[in-house]
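Heads up, the thing below is written out as structure tokens.
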Amino acid sequence: MTTAPDPHTPPAPADTAATAGPPASPATSPAPSPAAPSRRLSVVADQTPDWPVPAGCNSSSPSTDVRGEASRPRKKAAAKAGADLCGEALLTLARLRLATPHQLKALLLPHQQDTDHVRRALRNLLAESPALVGRTHRAQQSYWYCTPAGLAEAAASGELASPVGRTTGKRIAASKTGLREHGLALVDTVIAFHRAEMADHADWRVEVAHPTPAGNLVPDGVVLLNTGSSAFVEIDRTMSYAGLLAKLERYDGYRGAPASGRGNAARPPRSHWQETYAGPSLDRRFPPVLFVFAPARRRAAPETREAVFHERARRVGSVGYRLTVATTTLALLTEHGAGRAVWRVVGNHRGEERMTLAALPRVR
């Protein structure tokens with residue numbers, strides 16, 4: 001699987017005035033590990049620096065400054081870049097199940113030229129006792145995931161949108177049945193939304209069960225968009241068309257599930273999707289269902305599978321009436337970004353026209 005290229009920023013000259021450790025002592029002790037017994041993960045959202053960071057998770061080595069930038073505001077960011085990079089990497093793996101170093105770099109250090117800092121953070125997490133992450137090697141590539149101890153540490157931080165701890169990504173990373181490629185395609189999709197600033201990578205939930213009368217619906221991912229609304233995301237590589245249509249029927253069942261709870265004098269009872277996604281005043285419609293077709297060996301090209309899916313999904317009565325369903329390919333999403341006109345609406349009757357997420361039609 002090919003991950004979208006990252007913009008390369010040439011290394012800036014070093015500035016010995018900006019250091020990761022406090023200047024009061026010439027020999028600064030290393031920052032504590034995120035797994036230290038006396039503390040939990042300390043991660044501050046959206047403060048990971050977009051420039052080269054200190055050499056290691058627990059390093060107090062000089063930072064690399066940007067030409068012409070004052071050193072004083074850099075010290076605070078540089079001090080965070082050590083141990084907190086470990087914390088950010090651990091939380092990201094807890095949310096997404098698995099990732100490669102290149103994918104983690106694209107999410108955590110998008111303007112970094114290489115993966116050295118991310119790999120050092122992963123090695124430090126691996127060296128903890130017990131190890132907080134694990135890795136699997138396949139075809140000269142490493143795949144990283146949280147261990148049970150890492151999931152517990154991430155959950156204890158209070159930084160996760162929903163509880164984790166059910167399963168680690170070890171089975172997915174070691175899979176020979178396509179599960180790993182499916183998981184990596186989901187991470188590439190997360191990267192495309194993150195780069196387009198449509199959604200932060202921390203605003204994704206993976207494989208969360210949603211109750212329906214016919215059993216649980218488990219989307220591949222649910223993303224909270226920067227507009228405040230949500231979207232369901234499905235990654236398809238090898239599922240049969242019948243399986244894809246059956247999942248659409250399951251979404252329709254989830255939308256039409258009866259209200260649960262008894263309500264109160266202020267408001268009537270609501271269904272699960274209304275409680276979860278419609279907002280306090282029910283001003284948001286049912287989230288769109290987004291299918292991303294990714295390549296797979298011995299399968300038709302994603303563009304072909306997308307076209308056939310459109311032909312068959314048009315016959316599902318709920319599409320366009322109760323469900324907004326849109327598709328794209330992973331190649332289009334990676335090349336152009338999630339915010340561009342890469343989405344094709346099922347049952348739109350407008351040929352091959354693609355549109356942005358913001359332009360998707362709204363169901364009743």
Side-chain angles (χ1 to χ4, degrees), residues 161 185-186 188-190 192-194 196-201 203-210 212 217-236 239 243-257 271-279 282-294 302 305-307 309-330 332-334 336-364:
L186 177 60
D188 284 337
T189 301
V190 173
F193 276 78
H194 186 75
E197 299 183 353
M198 296 292 295
D200 189 79
H201 68 277
D203 291 327
W204 284 77
R205 295 183 298 155
V206 175
E207 295 183 357
V208 177
H210 296 63
T212 79
L217 163 71
V218 183
D220 288 333
V222 182
V223 56
L224 176 63
L225 301 170
N226 59 6
T227 59
S229 60
S230 300
F232 299 113
V233 177
E234 296 289 345
I235 307 297
D236 175 66
M239 185 177 286
L244 294 176
L245 297 183
K247 197 145 197 182
L248 278 183
E249 297 284 1
R250 187 64 62 86
Y251 275 106
D252 188 39
Y254 174 60
R255 186 194 185 283
S271 65
H272 184 274
W273 87 261
Q274 290 172 327
E275 288 283 3
T276 309
Y277 301 110
L282 300 182
D283 58 334
R284 300 190 184 112
R285 304 296 179 95
F286 189 79
V289 184
L290 308 177
F291 282 85
V292 179
F293 289 86
R305 291 179 58 79
E306 182 187 28
F309 174 73
H310 273 256
E311 290 297 324
R312 301 196 179 192
R314 287 193 185 102
R315 306 168 194 167
V316 178
S318 59
V319 173
Y321 178 68
R322 292 189 296 269
L323 298 177
T324 297
V325 181
T327 67
T328 190
T329 65
L330 186 58
L332 280 175
L333 195 65
T334 300
H336 300 290
R340 296 295 188 89
V342 297
W343 303 98
R344 183 182 170 198
V345 181
V346 174
N348 197 36
H349 305 295
R350 294 166 75 172
E352 300 293 322
E353 179 184 356
R354 295 187 184 269
M355 58 185 65
T356 64
L357 283 180
L360 294 183
R362 301 181 67 184
V363 295
R364 300 182 185 182

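This one's a predicted model, so the numbers in the text were calculated from it and none came from an experiment.
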Proximity of Trp273 and Phe286 rings by center, below 6.0 Å: yes
Residue pair Val222 / Val233, side-chain heavy-atom distance below 4.5 Å: no
pair Arg250-Thr212: side-chain heavy atoms closer than 4.5 Å: yes
Donor-acceptor contact below 3.5 Å, side chain Gln274 vs main chain Ser271: yes
Interatomic spacing from NE2 in His336 to OG1 in Thr328 - rounded to 0.5 Å: 8.5 Å
Test side-chain hydrogen bond (donor to acceptor under 3.5 Å, both in side chains) applied to Glu197 - qualifying residues, sequence neighbours left out: none
Student check: side-chain heavy atoms of Arg362 and Thr324 closer than 4.5 Å: no
Heavy-atom closest contact (Pro219 atom, Leu217 atom, distance): CD-O, 3.5 Å
Donor-acceptor pair, side chain of His194 and main chain of His201, under 3.5 angstrom: yes
Residues Arg354 and Glu306 bridged, charged N to O under 4.0 Å: yes
Separation of Arg305 CZ from His310 NE2 (nearest 0.5 Å): 12.5 Å
Side chains of Val345 and Pro361 in contact at under 4.5 Å (non-hydrogen atoms): yes
Over all atoms of both residues, closest heavy-atom pair of Leu225 and Ala231: CD1-CB, 4.3 Å
Under 3.5 Å side-chain donor-acceptor pair for Glu234 and Tyr251: yes
Heavy-atom check, side chain of Thr327 versus side chain of Leu290, under 4.5 Å: no
Step-by-step side-chain contact (heavy atoms from CB on, under 4.5 Å) determination, Arg340 to Thr356: CA-CA 5 Å; Arg340 296 295 188 89; Thr356 64; 5.6 Å; no
Parallel, tilted or perpendicular, as decided by the 30° and 60° cut-offs, for the rings of Phe291 and Phe309: tilted
Heavy-atom closest contact (Leu360 atom, Pro288 atom, distance): CD1-CB, 4.2 Å
Minimum side-chain heavy-atom gap Leu248-Val319 below 4.5 Å: yes
Considering all heavy atoms, the nearest Ala313-Val346 contact: CB-CG1, 3.6 Å
Asp236 vs Leu244, side-chain contact (heavy atoms from CB on, under 4.5 Å): CA-CA, chis, key distance, verdict: CA-CA 8 Å; Asp236 175 66; Leu244 294 176; 3.6 Å; yes
Residues Leu357, Met198; criterion side-chain contact (heavy atoms from CB on, under 4.5 Å); working and verdict: CA-CA 9 Å; Leu357 283 180; Met198 296 292 295; 3.8 Å; yes
Contacts of type side-chain contact (heavy atoms from CB on, under 4.5 Å), residue Ala257, not counting sequence neighbours: Pro213
Donor-acceptor pair, side chain of Ser230 and main chain of Pro287, under 3.5 angstrom: no
Non-hydrogen atoms of Val342 and Gly337 that approach each other most closely: CG2-O, 3.8 Å
Atom of Ala185, atom of Ala294 and distance for their closest heavy-atom approach: CB-CB, 4.0 Å
Aromatic ring pairing Phe193/Trp343, orientation class (parallel under 30°, perpendicular over 60°, tilted between): tilted
Val206 and Leu186, any side-chain heavy atoms less than 4.5 Å apart: yes
Val218 vs Val208, side-chain contact (heavy atoms from CB on, under 4.5 Å): CA-CA, chis, key distance, verdict: CA-CA 6 Å; Val218 183; Val208 177; over 6 Å; no
Polar side-chain atom of Asp220 near backbone of Ile235 as donor-acceptor pair, under 3.5 Å: yes
Stepwise ring-ring contact (aromatic ring centres under 6.0 Å, His included) check, Phe232 with His210: CA-CA 11 Å; Phe232 299 113; His210 296 63; 5.7 Å; yes
Backbone of Arg322 reached by a side-chain donor or acceptor of Arg255 within 3.5 Å: yes
Atom CZ of Arg284 with >12 non-hydrogen neighbours under 6.0 angstrom: yes
